[in-house]
Protein chains: 2
Amino acid sequence: MKVSAQEEYGLRCLLQLASLADEESLTLAQVAEREGISQANAGKLLWILNKAGLVTSTRGTKGGYRLARPATQVRLSEVIKVLDEDVLASHCKSYTGVLDSCVHNGNCGIRPVIVGLHEVVEQALSNITLAQLVGTESKVKTTLYNIHALPRTTTQGRRA
Amino acid sequence: MKVSAQEEYGLRCLLQLASLADEESLTLAQVAEREGISQANAGKLLWILNKAGLVTSTRGTKGGYRLARPATQVRLSEVIKVLDEDVLASHCKSYTGVLDSCVHNGNCGIRPVIVGLHEVVEQALSNITLAQLVGTESKVKTTLYNIHALPRTTTQGRRA
DNA sequence: CGCAATCTTGACTTAAAAGTAAGGTATTCC
DNA sequence: GGAATACCTTACTTTTAAGTCAAGATTGCG
């Protein structure tokens with residue numbers, strides 16, 4: 001169970017846009033530079049987010065990207081779903097071993113766990129908005145603790 | 001956020017062993033056949049589980065695999081951790097873009113979310129034992145609902 | 001108009017995960 | 001003690017996800 005590169009970097013790009021003032025926007029090169037990823041990669045991620053309606057883009061000399069909605073109205077559950085496109089739906093189709101369909105078809109003890117896990121995760125993420133992730137790490141941690149979206153964590157570890 | 005092949009198949013192999021009576025055991029070929037995966041693959045997974053102390057193996061003509069502990073005493077959180085080896089610990093080291101370390105080093109708004117997510121998942125999984133996953137899908141679903149480890153899910157969908 | 005800045009899009013390359021193969025080692029039964 | 005059975009381990013191949021590249025399209029400015 002892990003967070004994919006696309007989820008991580010995609011969310012980070014979005015967060016850059018969330019930290020802007022109204023009417024501001026960032027160019028592809030700026031987002032890439034601020035996140036330490038290549039321009040090509042940032043372009044792909046922002047395109048996915050654009051296609052999904054989370055960001056808007058304008059072309060031309062004064063172009064750039066910005067959030068399609070205020071950061072207070074974008075839930076993390078939606079962001080992750082977009083960057084991840086329906087992992088749950090394809091789960092049982094993917095893990096069929098060497099056969100055409102899963103041997104447990106129609107009667108699988110694991111399935112309720114997988115489904116439940118995704119619901120637990122979505123539930124937790126739906127209580128967090130982009131706006132709540134803008135700021136310092138310690139501030140964010142306090143905010144998340146106060147809304148009880150995630151369990152309290154001890155203050156340790158570094159980075160990002 | 002998805003469940004990897006190794007987690008899925010590894011758990012399924014373990015579940016086969018959990019469904020055995022005392023003193024029974026399964027050979028590699030039997031596990032592979034029952035799960036519809038190749039013998040080579042099952043061997044690798046069982047080796048990981050063996051190394052981690054979750055299953056024991058005996059060689060020779062009457063050999064095979066069995067659980068190292070009763071299924072009632074094996075929590076899913078432990079199983080997943082073994083099959084997944086410390087994704088969390090390596091998260092920030094992995095996603096550094098084109099740089100040597102993450103640009104948010106020491107101050108990352110996303111980190112609390114990632115840490116929290118893994119805790120939410122672990123928390124949910126720690127309330128489930130292998131024994132509770134043996135049986136039909138509908139029975140398992142009922143059991144999970146009763147222990148409130150996972151949120152209730154509507155009865156729909158097939159397989160897994 | 002025409003050039004420069006910027007996003008768009010599909011094909012290609014690279015890196016990581018998953019799965020396979022094969023030879024080695026230990027154990028049991030006769 | 002020998003042969004058959006079955007696990008152990010490393011190296012290799014395949015598949016999939018991640019990331020890059022380059023040509024195309026759109027807009028603003030002089």
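By convention in this document, chain letters (A, B, ...) are assigned in the order of the sequence lines, proteins followed by strands, and residues within each chain are numbered from 1. If you're wondering where the values come from, they're calculated on a predicted model, not measured in any experiment.
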Problem set entry | Contacting residues from residues 47-63 of chain B, given that a heavy atom lies under 4.0 angstrom of DNA chain D |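 Only B:Trp47, B:Asn50, B:Ser57, B:Thr58, B:Arg59, B:Gly60, B:Thr61 qualify.
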Exercise. To the nearest angstrom, how far is B:Leu45 atom CG from D:dT9 atom P?
Worked result: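 About 15 Å, once rounded to whole Å.
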For this session: Could you tell me the separation between the CD atom of B:Gln30 and the P atom of D:dT5, rounded to a whole number of Å?
Result: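 The distance from CD of B:Gln30 to P of D:dT5 comes to 14 Å, rounded to the nearest Å.
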Sort me out a list of protein N/O and nucleotides 19-22 of chain D N/O pairs below 3.5 Å, or just none if empty.
from, atom 1, to, atom 2, distance (Å)
D:dG19, N7, A:Lys44, NZ, 2.6
D:dT20, OP2, A:Ser38, OG, 2.3

Problem set entry | Within residues 8-29 of chain B or reaching into it, pairs that qualify as ring pair (Phe, Tyr, Trp, His ring centres under 6.0 Å) - sequence neighbours excluded |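 Those involving residues 8-29 of chain B are A:Tyr95-B:Tyr9.
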Exercise. So which pairs with a foot in residues 34-54 of chain B pass ring pair (Phe, Tyr, Trp, His ring centres under 6.0 Å), sequence neighbours left out?
Worked result: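 Non-adjacent pairs meeting ring pair (Phe, Tyr, Trp, His ring centres under 6.0 Å): zero.
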Exercise. Just the endpoints, please: which first and last nucleotides of DNA chain C, 5' to 3', lie under 4.0 Å from a heavy atom of chain B?
Worked result: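 So the outermost contacting nucleotides come out as C:dA18 to C:dC29.
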Considering only distance and modelled atom types, tabulate donor-acceptor pairs under 3.5 Å from the side chains of residues 30-42 of chain A, sequence neighbours left out.
from, atom 1, to, atom 2, distance (Å)
A:Gln30, OE1, A:Thr27, N, 2.7
A:Glu35, OE1, A:Arg12, NE, 2.8
A:Glu35, OE1, A:Arg12, NH2, 3.3
A:Glu35, OE1, B:His104, NE2, 2.7
A:Glu35, OE2, A:Gln16, NE2, 2.8
A:Glu35, OE2, B:His104, NE2, 3.0
A:Ser38, OG, A:Asn41, N, 3.1

For this session: Verify the contact: side-chain N or O of B:Thr27 to OP1 or OP2 of D:dC7, cut-off strictly under 4.0 Å; return yes or no.
Result: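 Yes, because at least one side-chain N or O of B:Thr27 sits under 4.0 Å from OP1 or OP2 of D:dC7.
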Problem set entry | A:Ser4: partners by side-chain hydrogen bond (donor to acceptor under 3.5 Å, both in side chains), with sequence neighbours left out |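 Partners of A:Ser4 under the side-chain hydrogen bond (donor to acceptor under 3.5 Å, both in side chains) test: A:Glu7.
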Exercise. For B:Ser57, what residues pass the side-chain hydrogen bond (donor to acceptor under 3.5 Å, both in side chains) criterion, not counting sequence neighbours?
Worked result: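 Only B:Asn50 meet the side-chain hydrogen bond (donor to acceptor under 3.5 Å, both in side chains) criterion with B:Ser57.
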Find the distance between [atom1] ([X]) and [atom2] ([Y]) and round it off to the nearest 0.5 Å.
X        : Y        : atom1 : atom2 : answer
B:Ile110 : A:Leu15  : CD1   : CG    : 5.5 Å
B:Leu133 : B:Ile128 : CG    : CD1   : 6.5 Å
A:Thr143 : A:Lys139 : OG1   : NZ    : 5.0 Å
A:Arg111 : B:Lys141 : CZ    : NZ    : 7.0 Å

For this session: State which residues pass side-chain contact (heavy atoms from CB on, under 4.5 Å) with A:Val79; sequence neighbours excluded, sorted by chain then number.
Result: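 A:Val79 satisfies side-chain contact (heavy atoms from CB on, under 4.5 Å) with A:Leu11, A:Leu14, A:Leu54, A:Val74, A:Leu83 only.
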Problem set entry | side-chain contact (heavy atoms from CB on, under 4.5 Å) partners for B:Thr58, two or more places apart |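 Scan of B:Thr58 (side-chain contact (heavy atoms from CB on, under 4.5 Å), adjacent residues dropped) gives none.
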For this session: Kindly write out the residues that satisfy salt bridge (charged side-chain N to carboxylate O under 4.0 Å, His left out) with B:Arg69, not counting sequence neighbours, or none if the list is empty.
Result: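 B:Arg69 satisfies salt bridge (charged side-chain N to carboxylate O under 4.0 Å, His left out) with B:Glu78 only.
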Exercise. When you measure from every atom of DNA chain C, which of residues 15-25 of chain B have a heavy atom less than 4.0 Å away?
Worked result: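 Under 4.0 Å from DNA chain C: no residue of residues 15-25 of chain B.
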Exercise. When all nucleic acid strands are considered with a 4.0 Å heavy-atom cut-off, which category describes A:Gly43: base, sugar-phosphate, or nothing?
Worked result: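 Since no nucleic acid heavy atom lies under 4.0 Å of A:Gly43, the category is nothing.
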Exercise. Judged by atom type as modelled, is there a donor-acceptor pair below 3.5 Å linking the side chain of A:Thr96 to the main-chain atoms of A:Cys92?
Worked result: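 No.
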